[in-house]
Amino acid sequence: QVQVVESGGGLVQPGGSLRLSCAASGSITSINVMGWDRQAPGKQRELVALITGAGTTNYADYVKGRFTISRDNAKNTVYLQMNSLKPEDTAVYYCNVQGQRIERGRVMSFGSWGQGTQVTVSS
């Protein structure tokens, strides 16, 4: 079983910054993609950013220039540095990890989500 745990959320004023962390644990042999989604009350869940094992990144238009995703593959950890935060960034942020793991001696693909971390941007 792969566990994904997010941390770093909290309350911040508009224009402020937060750094989210996501650590995946378990018998992971490789990670193909790590990313962040978010969901605000009454809204659809949406992709914020992702990063591949090769380092390729992709950002939603509304966070370009403000958010930066990075990873430490050796630690199976992904980070989301969020700057110039806006009230509309308020949401629960979920970490997604996709890759391969060992289960009962066999390599299997997995896709796991964390429980989410709340980010609130308000004055």
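As a basis for the values below, the full set of heavy atoms in this structure was taken, side chains included, without hydrogen atoms, waters or symmetry mates.
A heavy-atom distance below 4.5 Å is found between the side chains of Cys22 and Val4. Contact annotation: the side chain of Gln100 never approaches that of Met108 to less than 4.5 Å [non-hydrogen atoms, C-beta and beyond]. Between Leu47 and Asn58 the shortest side-chain heavy-atom distance falls below 4.5 Å. No side-chain heavy atom of Leu20 sits under 4.5 Å from any side-chain heavy atom of Tyr79. Taking the side chain as every heavy atom from C-beta outward, Thr56 and Ile51 never approach each other to under 4.5 Å. In this structure, Val48 and Leu80 have side chains that are in contact, with non-hydrogen atoms separated by less than 4.5 Å. Proximity of Arg38 to Val63: side-chain heavy atoms (C-beta onward) are separated by under 4.5 Å at one or more points. You'll find the side chain of Met82 reaches within 4.5 Å of the side chain of Val119, heavy atoms only.
A distance of 5.5 Å separates CD of Glu6 from CH2 of Trp36, quoted to the nearest 0.5 Å. Taking OH of Tyr93 as the reference point, atom OG of Ser7 lies at 15.0 Å (rounded to 0.5 Å). If you take CG on Asn32 and CZ on Phe110, they are separated by 8.0 Å, rounding to the nearest 0.5 Å. Rounding to the nearest 0.5 Å places CG of Leu85 at 12.0 Å from OG of Ser122. For the atom pair Ser27 OG and Gln1 CD, the distance stands at 10.5 Å (nearest 0.5 Å). With values rounded to the nearest 0.5 angstrom, Glu103 atom CD is found 12.0 Å from Thr29 atom OG1.
A salt bridge does not link Asp89 with Lys86: every distance from a Lys NZ or Arg NE/NH1/NH2 to an Asp or Glu carboxylate oxygen is 4.0 Å or more.
Checking side-chain atoms of Arg71 against main-chain N and O of Gly53 turns up a donor-acceptor pair under 3.5 Å. Proximity of a side-chain donor or acceptor of Arg66 to a complementary backbone N or O of Ser84 within less than 3.5 Å is detected.
Within 6.0 Å of CD on Gln115 lie no more than 12 heavy atoms contributed by other residues, nucleotides or ligands.
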Q.
What verdict does the side-chain hydrogen bond (donor to acceptor under 3.5 Å, both in side chains) test give for Asn83 and Gln81, after you've listed the backbone C-alpha separation in whole Å, the side-chain angles of each residue and the deciding distance to 0.1 Å?
A. CA-CA 7 Å; Asn83 300 323; Gln81 179 66 46; 3.0 Å; yes
Q: Start with the C-alpha gap between Ser112 and Asn96, add the side-chain angles, then the distance that decides, and say whether side chain to side chain contact (heavy atoms under 4.5 Å, CB included) holds.
A: CA-CA 6 Å; Ser112 298; Asn96 181 34; 5.8 Å; no
Q | Working for side-chain hydrogen bond (donor to acceptor under 3.5 Å, both in side chains), residues Tyr62 and Glu46 | A | CA-CA 11 Å; Tyr62 50 82; Glu46 59 188 4; 3.0 Å; yes
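Side-chain heavy-atom separations under 4.5 angstrom define the hydrophobic clusters, and the remaining members of the one that includes Tyr94 are Val92, Trp113.
Here the rule is side chain to side chain contact (heavy atoms under 4.5 Å, CB included) with Leu18, and of Thr120, Val12, Val121 only Val12 fits it.
Residues Leu50 and Met34 do not share a hydrophobic cluster, clusters being chains of Ile/Leu/Val/Met/Phe/Trp/Tyr side chains in contact below 4.5 Å.
Across all their heavy atoms, Ala24 and Ile28 have their closest contact at CB-CD1, 3.8 Å. Listed here is the closest heavy atom pair of Ala49 and Tyr59: CB-CD2, 3.6 Å. Here the closest non-hydrogen pair linking Ala40 and Ala91 is N-CB, 3.8 Å. Residues Asn76 and Ile31 share a closest heavy-atom pair of OD1-CD1, 3.3 Å. When all heavy atoms of Gly9 and Thr117 are compared, the pair lying nearest together is N-OG1, 3.2 Å.
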